[in-house]
Participant: 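Structure incoming, see below.
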Amino acid sequence: MSKGLPKRSEDYSQWYNELVKKADLAENSPVRGCMVIKPYGFAVWEKMQAILDKMFKETGHSNAYFPIFIPKSYLSKEADHVEGFAKECAVVTHYRLKQADDKSGLVVDPEAKLEEELIVRPTSETVIWNTYKQWIQSYRDLPLKINQWANVVRWEMRTRLFLRTTEFLWQEGHTAHATEAEAKEETLLMLQVYTDFVQNFMALPVIQGVKTESERFAGAVDTYCMETLMQDGKALQAGTSHFLGQNFAKAFDVKFATRDGGLEYVWGTSWGVSTRLMGALIMAHSDDKGLVLPPRLAPKQVVIIPIFKNEDELEAIDAVARGIIGQLKELNITADFDDRDTQKPGWKFAEYELKGVPVRIAIGPRDLDNGTVELARRDTSEKISLSQQEVAPKVKYILSEMQDSIYKKALKFRDEHITTVNTFDEFKQVLKNKGGFIKAHWDGTAETEMRIKEETKATIRCIPLNQGAKAGSCIYSGKPSVQQVYFAKAY
RNA sequence: CGGGGCGUGGCGCAGUCCGGUUAGCGCACCUGCUUUGGGAGCAGGGGGCCGCAGGUUCGAAUCCUGCCGCCCCGACCA
């Protein structure tokens with residue numbers, strides 16, 4: 001049994017908090033709301049980064065880096081954008097400290113006040129569009145497709161490791177296009193790239209949709225999103241892709257000369273996913289024993305644990321283990337041999353389960369006699385004994401099967417937690433007793449959306465894409481509705 | 001910022017109401033022996049400005065005042 005990990009059924013959020021710490025993913029920092037991402041957690045994030053980065057480049061994007069500090073005045077150039085971010089910005093007002101007069105420590109030097117205060121970026125649209133103005137003159141400069149990996153700061157009141165931290169890591173793509181159609185296409189393309197990543201690598205099914213006005217990114221014309229479902233029935237927005245229209249082009253005066261001699265504002269997009277994905281990954285698949293990582297994102301896919309009484313046994317096991325690791329390496333499978341004699345096998349079993357290593361291979365004296373190993377898979381806890389010769393191909397098969405099976409399990413759970421309702425009473429019942437996504441007709445007004453939120457805490461997660469219009473009447477107001485939308489309580 | 005809870009070895013806690021031995025327990029850590037197919041056992045050992053600052057008292061982890069920090073619940077948010 002995992003020591004001290006609360007059960008999901010008893011206290012889901014406690015379970016999550018403990019798991020993040022016990023699995024060595026992250027911990028709190030001295031600064032409230034910030035986190036230290038530990039090596040193991042960062043290794044998972046690095047895998048995500050590497051895969052996404054490749055996908056971005058394959059779709060024609062280049063990486064660049066823009067500064068963390070933004071002149072305060074930039075933020076105020078786009079009206080909705082200011083509105084959206086002003087209340088959660090960290091501000092740099094001074095550039096120097098000095099020894100306190102009474103030598104009691106350091107104080108801010110009042111002499112060193114900045115002429116113009118700087119904000120720590122909550123997102124980079126403003127600096128980037130200010131730069132794009134310099135970079136874009138002609139249709140020949142378009143499209144401009146840039147991505148950056150960065151940290152951003154949003155001064156949140158309540159934070160949770162990975163899910164909502166004051167500082168977080170992310171990537172933000174910012175593109176500029178000559179036509180509206182092309183920008184819209186880019187927005188949807190990146191939504192699809194994210195969707196492919198989340199489904200194929202994180203093994204999490206998503207619902208693609210458009211945000212309602214109240215949930216839309218400040219400054220965007222349309223915000224597209226992918227919504228995922230966690231095991232406690234709450235939804236989590238895994239990524240967003242925004243069609244910015246000409247909002248930022250106008251705010252920062254970014255125009256280009258068209259082929260026929262005209263002068264027009266460019267069309268923009270921006271899109272991002274963050275370390276929040278780590279939270280989704282953890283909450284979606286893990287169990288009461290600890291983390292369950294999809295093989296494609298596990299920093300180490302296989303761990304081999306020797307069971308030995310003496311040096312001779314260990315040596316013999318070592319030879320077998322090294323052989324297996326070599327074979328796995330040829331199949332591009334990462335494996336570790338944990339031959340520490342400071343921990344017992346049972347301790348190691350529990351530890352690697354806590355950390356979500358997909359496949360565990362145990363080799364002991366019995367196996368040496370029989371030419372076998374014991375293989376255990378993390379997601380099902382299933383154990384099998386197999387001959388040493390067939391280990392490598394079998395592991396390859398199991399890893400791929402596991403990736404698939406974890407996805408299917410999440411998909412089944414998700415599908416079982418989409419409930420269509422026709423009345424507000426039903427809506428409240430489902431929300432209270434079952435959770436998950438609730439599909440219902442909505443009259444399209446912010447007023448109704450807000451009232452439902454106030455009464456139930458549930459919000460419209462998205463207006464689904466790829467679902468034909470189906471007229472009906474709003475569950476709250478009874479007014480006509482053109483289609484059903486997804487509601488849920490959300491992270 | 002409102003409501004609630006909590007600050008005691010690295011971690012988790014007891015002790016605080018009702019002041020008085022040397023501040024205790026579990027885990028972790030160190031040493032030794034025995035162990036090793038699911039978080040080993042025994043023996044020995046190290047580690048504490050009891051959140052901070054004042055006050056009351058012969059005497060404070062314990063009572064009083066002020067401050068600081070953290071967690072949970074709400075308002076805000078990816």
Side-chain angles (χ1 to χ4, degrees), chain A residues 1-6 11 13-14 17-18 21-22 27-33 83-89 122-123 151-172 194 211 214-218 220 223 225-228 234-242 270-280 289-290 305-311 313-314 317 339-355 360-370 372-376 381 383 385 453-454 457 459 461-462 490-491:
Chain A
M1 283 294 99
S2 47
K3 265 185 185 166
L5 194 60
D11 191 340
S13 72
Q14 192 72 20
N17 292 339
E18 291 290 315
K21 289 177 193 162
K22 293 209 157 87
E27 60 191 37
N28 284 303
S29 82
V31 177
R32 180 186 150 72
E83 183 88 21
F85 288 104
K87 54 190 177 300
E88 50 186 31
C89 284
T123 178
N151 58 338
V152 288
V153 167
R154 296 180 188 173
W155 215 265
E156 302 289 350
M157 302 188 191
R158 288 192 62 194
T159 58
R160 291 185 73 193
L161 293 173
F162 290 121
L163 295 173
R164 175 166 297 107
T165 46
T166 298
E167 179 194 23
F168 57 94
L169 306 185
W170 77 347
Q171 62 60 221
E172 45 181 325
Y194 286 155
K211 286 295 188 187
S214 64
E215 298 270 330
R216 190 183 295 155
F217 173 72
T223 288
C225 62
M226 22 166 218
E227 294 287 326
T228 59
K234 285 171 81 174
L236 187 147
Q237 177 179 303
T240 48
S241 183
H242 315 290
S270 69
W271 28 274
V273 295
S274 71
T275 36
R276 184 177 226 211
L277 287 179
M278 292 286 293
K289 290 198 286 190
I305 299 173
I307 296 158
F308 59 100
K309 287 194 173 65
N310 53 52
E311 277 300 310
E313 270 179 11
L314 179 58
I317 294 167
D339 61 353
R340 288 176 297 172
D341 61 359
T342 50
Q343 313 291 357
K344 316 250 317 212
W347 189 93
K348 292 176 185 172
F349 290 177
E351 182 71 7
Y352 289 112
E353 278 162 3
L354 183 60
K355 292 197 165 185
R360 178 186 76 226
I361 295 172
I363 308 174
R366 284 209 303 265
D367 295 301
L368 290 178
D369 291 344
N370 304 331
T372 57
V373 303
E374 180 196 80
L375 188 151
S381 296
K383 282 188 217 179
S385 179
K453 182 180 177 183
E454 278 170 2
K457 308 274 185 225
T459 50
R461 299 322 303 152
C462 68
Y491 276 97

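Every chain is numbered from 1, with letters handed out A, B, ... down the list of sequences.
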Participant: Does Glu351(A) get its side chain close enough to the base of rG39(B), under 3.5 Å, for a donor-acceptor pair?
Facilitator: yes

Participant: Looking at every strand, decide which applies to Phe168(A) at a 4.0 Å heavy-atom threshold: base, sugar-phosphate, or nothing.
Facilitator: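 Base, at least one base heavy atom under 4.0 Å.
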
Participant: Without hydrogens or angle criteria, can the side chains of Ser381(A) and Lys289(A) be said to hold a donor-acceptor pair below 3.5 Å?
Facilitator: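 The criterion, which ignores hydrogens and geometry beyond distance, is satisfied for Lys289(A) and Ser381(A).
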
Participant: Give a yes or no on whether a salt bridge exists between Glu374(A) and Arg366(A), defined as a side-chain N under 4.0 angstrom from a carboxylate O.
Facilitator: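 Looking at Glu374(A) and Arg366(A), the cut-off is not met.
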
Participant: Give Arg160(A) one of three labels, base, sugar-phosphate or nothing, depending on what nucleic acid heavy atoms sit under 4.0 Å from its own.
Facilitator: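 Arg160(A): no heavy atom of the nucleic acid under 4.0 Å.
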
Participant: I'd like to know if the side chain of Glu215(A) and the backbone of Lys211(A) have a donor-acceptor N/O pair within less than 3.5 Å.
Facilitator: no

Participant: So what does Tyr491(A) touch, heavy atoms closer than 4.0 Å: a base, only the sugar-phosphate, or nothing?
Facilitator: nothing

Participant: Pick the P atom in rU16(B) and in rC6(B), then give their distance to the nearest Å.
Facilitator: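 Approximately 13 Å lies between the P atom of rU16(B) and that of rC6(B).
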
Participant: Would you indicate what Leu236(A) reaches in the nucleic acid, counting non-hydrogen atoms under 4.0 angstrom: base, sugar-phosphate, or nothing?
Facilitator: nothing

Participant: Glu374(A) near the nucleic acid: base, sugar-phosphate alone, or nothing, with a heavy-atom cut-off under 4.0 Å?
Facilitator: base

Participant: Report which part of the nucleic acid Thr166(A) touches: base, sugar-phosphate, or nothing (heavy-atom distance under 4.0 Å, all strands).
Facilitator: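 Nothing, no heavy atom under 4.0 Å.
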
Participant: How is Glu156(A) classified with respect to the nucleic acid when contacts are heavy atoms under 4.0 Å: base, sugar-phosphate, or nothing?
Facilitator: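 Here Glu156(A) touches the bases of the nucleic acid.
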
Participant: In whole Å, measure the gap between the P atoms of rC17(B) and rC76(B) for me.
Facilitator: 42 Å

Participant: Identify which nucleotide among rC71(B), rG38(B), rG39(B) has an atom closest to any side-chain atom of Arg32(A), counting heavy atoms from C-beta outward.
Facilitator: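 Nearest nucleotide to the side chain: rC71(B).
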
Participant: Please figure out whether Val31(A) or Ile307(A) has its closest RNA chain B nucleotide nearer the 5' end.
Facilitator: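 Nearer the 5' end of the strand: Ile307(A).
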
Participant: Is the shortest side-chain N/O distance from Arg154(A) to OP1 or OP2 of rC76(B) below 4.0 Å?
Facilitator: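 No, outside the criterion.
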
Participant: I'd like the C1' distance from rG24(B) over to rA61(B), given in whole Å.
Facilitator: 12 Å

Participant: What's the gap between rG7(B) and rU62(B) when it is taken at their P atoms, as a whole Å value?
Facilitator: 13 Å

Participant: Students often get this wrong, so: under 4.0 angstrom with heavy atoms, is Lys383(A) touching a base, only sugar-phosphate, or nothing?
Facilitator: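 The answer is base, as Lys383(A) lies within the cut-off (heavy atoms under 4.0 Å) of a base atom.
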
Participant: Say we look at rA78(B) and rG41(B): how far apart would their P atoms be, to the nearest angstrom?
Facilitator: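 50 Å, rounded to whole Å.
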
Participant: So does Arg340(A) get a backbone contact from the side chain of Lys348(A), meaning a donor-acceptor N/O pair under 3.5 Å?
Facilitator: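 Yes.
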
Participant: For nucleotides rC27(B) and rG39(B), find the distance between their P atoms and express it as a whole number of Å.
Facilitator: 15 Å

Participant: Tell me whether the guanidinium CZ or amine NZ of Arg276(A) lies under 6.0 angstrom from the six-membered ring centre of Phe168(A) and within 45° of its axis.
Facilitator: no

Participant: Please state the C1' separation for the pair rU35(B) and rA40(B) - nearest whole angstrom.
Facilitator: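 Per the computed distance, 7 Å lies between those C1' atoms.
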
Participant: Would you indicate, yes or no, if rG39(B) has its OP1 or OP2 atom less than 4.0 angstrom from a side-chain nitrogen or oxygen of Lys22(A)?
Facilitator: no

Participant: Categorize Asp367(A) for me: base, sugar-phosphate, or nothing, with a 4.0 angstrom heavy-atom threshold over every strand shown.
Facilitator: base

